[in-house]
Amino acid sequence: MDTSNLKDCLDSLFERFMAESSIFINKDVLSHDFIPEVLPHREKEIFRLASILAPSLKGEKCSNLFIYGKTGTGKTAVSKYVLARLEKKSLKLQGRVKVCYVNCRLAGTEYRVTASLCSALSLQIPFTGLSTAEVLNRLFKRLSQLGVYLVVVLDEVDELVKGYGDRLLYELTRSNSLLSKGKISLVGISNDLYFKELLDPRVLSSLSEEEIVFKPYTASQIKDILLQRAKMAFKPGSLPLSTLNLCAALAASEHGDARRALDLLRVAGEIAEREGATKVEERHVHEAQRKIEHDRTVEVLASLPLHSKILLAVLYFNGKPKLKGLTTGELYEGYVSLCRKAQVEPLTHRRVSGLLSELDMLGVVEARLVSLGRYGRTKKIQLKIPKKTLEKAFLEDVYFASLTENGELA
Ligand SMILES: Nc1ncnc2c1ncn2[C@@H]1O[C@H](COP(=O)(O)OP(=O)(O)O)[C@@H](O)[C@H]1O
Ligand SMILES: [Mg+2]
């Protein structure tokens with residue numbers, strides 16, 4: 001392309017970009033962190049959470065609380081909503097309650113989570129250099145000095161515990177007995193329903209003095225949620241009701257996930273817009289679904305640990321498609337030999353089983369029990385995603401790509 005041509009291209013690209021959208025009025029309201037003024041179908045949960053936290057306004061100890069439910073059931077939205085209102089109310093009443101919301105997955109480490117709690121009390125902590133224990137000390141000291149009530153929401157707390165164990169939760173739950181003045185209440189949120197099994201019984205019992213379970217939304221509830229957003233996001237007439245219904249139905253058939261529904265709506269709108277269409281049609285939704293699924297899988301695969309990738313490579317290179325997968329024994333054998341070729345120390349059979357169940361849960365592989373007649377039963381494992389998707393994800397992993405180059409590992 002010569003330069004003048006490129007210039008024309010860019011000009012028209014910018015112009016198209018600047019031109020008024022044919023579809024959206026305000027796409028931002030479809031983004032993940034937008035929280036609307038009203039959260040339909042979560043009135044009960046909002047009320048329950050607010051009632052549990054309300055005693056803090058009078059300085060009375062409120063119960064710790066554990067919230068769980070699948071992704072996209074409104075846990076984050078509801079807790080941020082209630083926290084914001086609690087903070088507002090507290091400011092009117094001399095600010096005796098401080099609130100702090102931390103997403104543990106994004107914060108990443110115990111240290112950073114603890115530092116965020118400090119910053120809710122306007123206590124600055126250096127990025128590095130202190131031990132987590134020292135940061136906690138400073139937090140408790142500050143809390144006693146101020147004599148305030150700190151309400152903490154630890155969102156996606158399962159990610160913290162999976163990485164670091166439940167030590168921080170333990171310290172926080174027992175802090176009230178150590179503090180002379182000031183109090184802490186914890187709200188832990190988890191997308192993982194089995195997370196409780198990872199907790200020490202003492203931590204579990206103090207964290208789950210109260211529990212709220214967020215159930216998946218039904219198709220008609222998701223429809224209401226979408227209708228509310230669509231009014232703000234789309235130009236009048238650009239989103240037929242049948243398109244919106246399809247998004248709600250697809251998201252509900254998965255697991256009642258409002259985030260998925262909003263994503264479908266947004267991506268379908270973007271696809272329609274890029275086509276220059278004036279309406280978002282059902283086919284745009286189907287295309288959006290394929291795009292989201294593909295992007296999600298590539299992302300999940302790319303972030304897997306090396307040993308899981310090696311397992312997938314064994315399944316990928318398995319030349320016996322007709323046999324429908326490998327037995328656990330065959331898979332382990334293949335895994336060990338790939339590890340040898342890659343000069344990586346293989347993990348034990350047990351650890352590999354653990355990785356396999358994780359891959360199964362992610363929907364990347366499928367493990368089925370098959371009968372061997374009078375020889376009993378065995379598990380057969382096969383890939384559940386297209387080989388193309390796997391190739392794309394692994395090519396982005398430089399280390400892995402170099403191992404698999406020219407099928408060297410096969
Ligand atoms: N009842 C609701 N009303 C309006 N929007 C909602 C509702 N529940 C969830 N959402 C929206 O759906 C998306 C996912 O919700 P979120 O609270 O992040 O779910 P979770 O934390 O349970 O994974 C967010 O964009 C949120 O604003
Ligand atoms: Mg969340």
Side-chain angles (χ1 to χ4, degrees), residues 24 26-50 65-85 99-108 113 116 152-162 186-196 211-234 239 244-245 247-270 288-289 292 296 299-300 361-362:
F24 296 109
N26 179 6
K27 201 168 71 178
D28 292 345
V29 303
L30 299 176
S31 79
H32 287 167
D33 28 275
F34 178 84
I35 300 179
E37 276 297 304
V38 182
L39 298 169
H41 304 295
R42 282 298 179 240
E43 296 79 5
K44 256 199 281 171
E45 289 77 3
I46 290 173
F47 194 76
R48 176 98 196 277
L49 178 57
L65 164 71
F66 187 51
I67 294 179
Y68 58 103
K70 292 197 171 167
T71 48
T73 50
K75 301 180 299 298
T76 299
V78 164
S79 46
K80 282 188 169 171
Y81 183 95
V82 172
L83 221 54
R85 274 153 187 79
V99 303
C100 180
Y101 169 92
V102 194
N103 181 303
C104 299
R105 180 174 50 81
L106 298 179
V113 170
S116 315
V152 176
V153 173
L154 296 175
D155 201 352
E156 304 193 42
V157 65
D158 48 317
E159 298 285 332
L160 180 75
V161 174
K162 281 171 193 160
L186 291 179
V187 179
I189 305 181
S190 167
N191 292 327
D192 178 354
L193 311 186
Y194 299 106
F195 160 68
K196 291 207 274 186
E211 279 188 2
I212 307 183
V213 182
F214 280 53
K215 296 221 180 76
Y217 292 113
T218 63
S220 91
Q221 290 174 332
I222 294 186
K223 188 178 155 188
D224 292 338
I225 293 172
L226 292 184
L227 275 172
Q228 175 207 43
R229 298 286 179 99
K231 271 187 223 143
M232 297 183 272
F234 289 90
L239 182 73
L244 185 143
N245 284 338
C247 293
L250 288 173
S253 72
E254 222 164 284
H255 62 251
D257 181 341
R259 174 173 323 154
R260 170 52 69 94
L262 287 162
D263 283 345
L264 277 171
L265 204 58
R266 190 191 74 249
V267 176
E270 285 168 352
Q289 191 178 31
I292 292 170
R296 190 191 75 98
E299 197 180 301
V300 166
M361 240 161 54
L362 289 170

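Numbering of ligands and ligand atoms starts at 1, following listing order.
- By the 3.5 Å distance cut-off applied to N or O atoms, Gly72 is counted among the residues near ligand 1.
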_Candidate pair Leu265 and Arg229, rule side chain to side chain contact (heavy atoms under 4.5 Å, CB included), full reasoning_ = CA-CA 10 Å; Leu265 204 58; Arg229 298 286 179 99; 5.5 Å; no
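- At a 4.0 Å cut-off, not a single heavy atom of Lys80 sits close enough to ligand 1 to count as contact.
- Side-chain atoms of Lys75 come within 3.5 Å of backbone N or O of Gly69 as a donor-acceptor pair.
- At least one side-chain heavy atom of Tyr217 sits less than 4.5 Å from a side-chain heavy atom of Arg42.
- Of all atoms in ligand 1, listed by their number and element, those nearer than 4.0 Å to a heavy atom of Phe34 are 27 (O).
- Using a 4.0 Å cut-off to heavy atoms of Arg42, the atoms of ligand 1 that qualify are 1 (N).
- Within the structure, the closest approach of Thr73 to ligand 1 falls below 4.0 Å when heavy atoms are considered.
- For Ala77, a nitrogen or oxygen atom sits less than 3.5 Å from a nitrogen or oxygen atom of ligand 1, counting backbone and side chain alike.
- Considering both main-chain and side-chain atoms, Ile225 never comes within under 3.5 Å of ligand 1 through any nitrogen or oxygen pair.
- The distance criterion of under 3.5 Å between nitrogen or oxygen atoms is met by Lys75 with respect to ligand 1.
- Looking at Met232 and Asn26, their side chains never come closer than 4.5 Å, going by heavy atoms from C-beta outward.
- Ligand 1 does not have Gln221 within reach: every non-hydrogen atom of the residue lies 4.0 Å or more from it.
- With hydrogens and angles ignored, the 3.5 Å screen pairs no side-chain donor or acceptor of Tyr81 with any backbone N or O of Val38.
- Ligand-side atoms of ligand 1 in range of Leu262: 11 (C), 12 (O), 13 (C), 25 (O), range being under 4.0 angstrom from any heavy atom.
- Closest to atom 3 (N) of ligand 1 among all protein heavy atoms lies Pro40 CD, 3.0 Å.
- Taking all atoms of both residues into account, the shortest heavy-atom contact from Cys247 to Leu226 is CB-CD1, 3.8 Å.
- By the criterion of a heavy-atom distance under 4.0 Å, neither the backbone nor the side chain of Asp155 is placed next to ligand 1.
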*Candidate pair Phe234 and Phe24, rule ring-ring contact (aromatic ring centres under 6.0 Å, His included), full reasoning*: CA-CA 4 Å; Phe234 289 90; Phe24 296 109; 5.1 Å; yes
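- Annotation: Thr76 places an N or O atom under 3.5 Å from an N or O atom of ligand 1; distance criterion only.
- Taking 4.0 Å as the cut-off, Tyr217 counts as a neighbour of ligand 1 on heavy-atom distance.
- Here is the list of ligand 1 atoms found below 4.0 Å of a heavy atom in Thr71: 23 (O).
- In the vicinity of Ala258, heavy-atom distances shorter than 4.0 Å reach the ligand 1 atoms 9 (C), 12 (O).
- Residue-ligand proximity, Lys70 to ligand 1, at heavy-atom distances under 4.0 Å covers atoms 22 (O).
- The closest approach between any non-hydrogen atom of His41 and ligand 1 is not below 4.0 Å.
- Between Lys27 and Glu270, the closest side-chain pair of non-hydrogen atoms falls below 4.5 Å.
- You'll find the side chain of Tyr194 stays beyond 4.5 Å of the side chain of Met361, heavy atoms only.
- Between the Glu43 side chain and the His41 main chain, a donor and an acceptor come within less than 3.5 Å of each other.
- Considering only non-hydrogen protein atoms, atom 24 (C) of ligand 1 sits nearest to His32 O, 3.8 Å.
- Looking from atom 26 (C) of ligand 1 to the surrounding protein, the closest heavy atom is Arg229 NH2, 3.7 Å.
- Between Pro36 and ligand 1, a contact under 3.5 Å exists for no N or O pair.
- Under 2.8 Å from the Mg ion (ligand 2) lies no N/O/S atom of Asn103, from backbone or side chain alike.
- Formation of a donor-acceptor pair under 3.5 Å by the Glu45 side chain with backbone atoms of Gly74 is not found in this model.
- Between atom 18 (O) of ligand 1 and the options Arg260, Gln228, Arg259, Glu45, the minimum heavy-atom separation is to Arg259.
- No side-chain donor from either of Thr71 and Asn191 sits under 3.5 Å from a side-chain acceptor of the other.
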*Give the C-alpha distance, both sets of side-chain angles, the deciding distance and a yes or no for side chain to side chain contact (heavy atoms under 4.5 Å, CB included) between Tyr68 and Val213.*
CA-CA 5 Å; Tyr68 58 103; Val213 182; 3.9 Å; yes
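- Here the protein heavy atom with the shortest distance to atom 19 (O) of ligand 1 is Gly74 N, 3.2 Å.
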_Assess the residue pair Asp263 and Arg266 against the criterion (salt bridge (Lys or Arg N to Asp or Glu O under 4.0 Å)); give the C-alpha distance rounded to whole Å, side-chain angles, the decisive distance to 0.1 Å, and a yes or no._
CA-CA 5 Å; Asp263 283 345; Arg266 190 191 74 249; 3.1 Å; yes
